[in-house]
Amino acid sequence: YFRGKPTTSAPCFVNPGHPKNSGLDVFSIRTLLVAAGVDLDGTSFLGSGQSMRYEGTTMYMDIHYYNAVPWYGLLGRASYY
């Protein structure tokens, strides 16, 4: 999601997982790869003949976290975009 609407491209909103008895926000590698449209078994780059899983890849993430809105105060839960 981005600005309240479903999206299939960046930027997007990814709901975090919450481990039992933990206040942590967790994102699985699988979820992040799917959100980025990355297929590890696809061709790494044209002409390589190897998969991205074999060659490796890099992912850059820009995470925006907030739990307050000016003039409203604290939100009921944290928000990401």
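Numbering starts at 1 and runs along the sequence shown.
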Colleague: Kindly write out the residues that satisfy side chain to side chain contact (heavy atoms under 4.5 Å, CB included) with L32, not counting sequence neighbours, or none if the list is empty.
Modeller: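 With sequence neighbours excluded, L32 shows a side chain to side chain contact (heavy atoms under 4.5 Å, CB included) to F27, M59, M61, given in chain and number order.
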
Colleague: Donor-acceptor pair, H18 side chain versus G23 backbone, under 3.5 Å?
Modeller: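 It does not hold such a pair.
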
Colleague: Holding to side chain to side chain contact (heavy atoms under 4.5 Å, CB included), I want the full list of residues that pass it with S48, two or more places apart in sequence or in another chain.
Modeller: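 Once residues adjacent in sequence are excluded, the partners of S48 under the side chain to side chain contact (heavy atoms under 4.5 Å, CB included) criterion are T43, S44, F45, Q50, E55.
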
Colleague: Quick one: list whatever passes side chain to side chain contact (heavy atoms under 4.5 Å, CB included) with D41, sequence neighbours left out.
Modeller: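 In terms of side chain to side chain contact (heavy atoms under 4.5 Å, CB included), with neighbours along the sequence ignored, D41 is linked to D39, R53.
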
Colleague: Can you hop from V26 to I29 via hydrophobic side chains spaced under 4.5 Å?
Modeller: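 Each belongs to a different hydrophobic cluster.
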
Colleague: Go through the structure and list residues passing side chain to side chain donor-acceptor pair (under 3.5 Å) with S28, not counting sequence neighbours.
Modeller: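 With sequence neighbours excluded, S28 shows a side chain to side chain donor-acceptor pair (under 3.5 Å) to T31, given in chain and number order.
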
Colleague: What residues join Y60 in its hydrophobic cluster, counting side-chain heavy atom gaps under 4.5 Å, either direct or through other members?
Modeller: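 Answer for Y60: none, a lone residue.
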
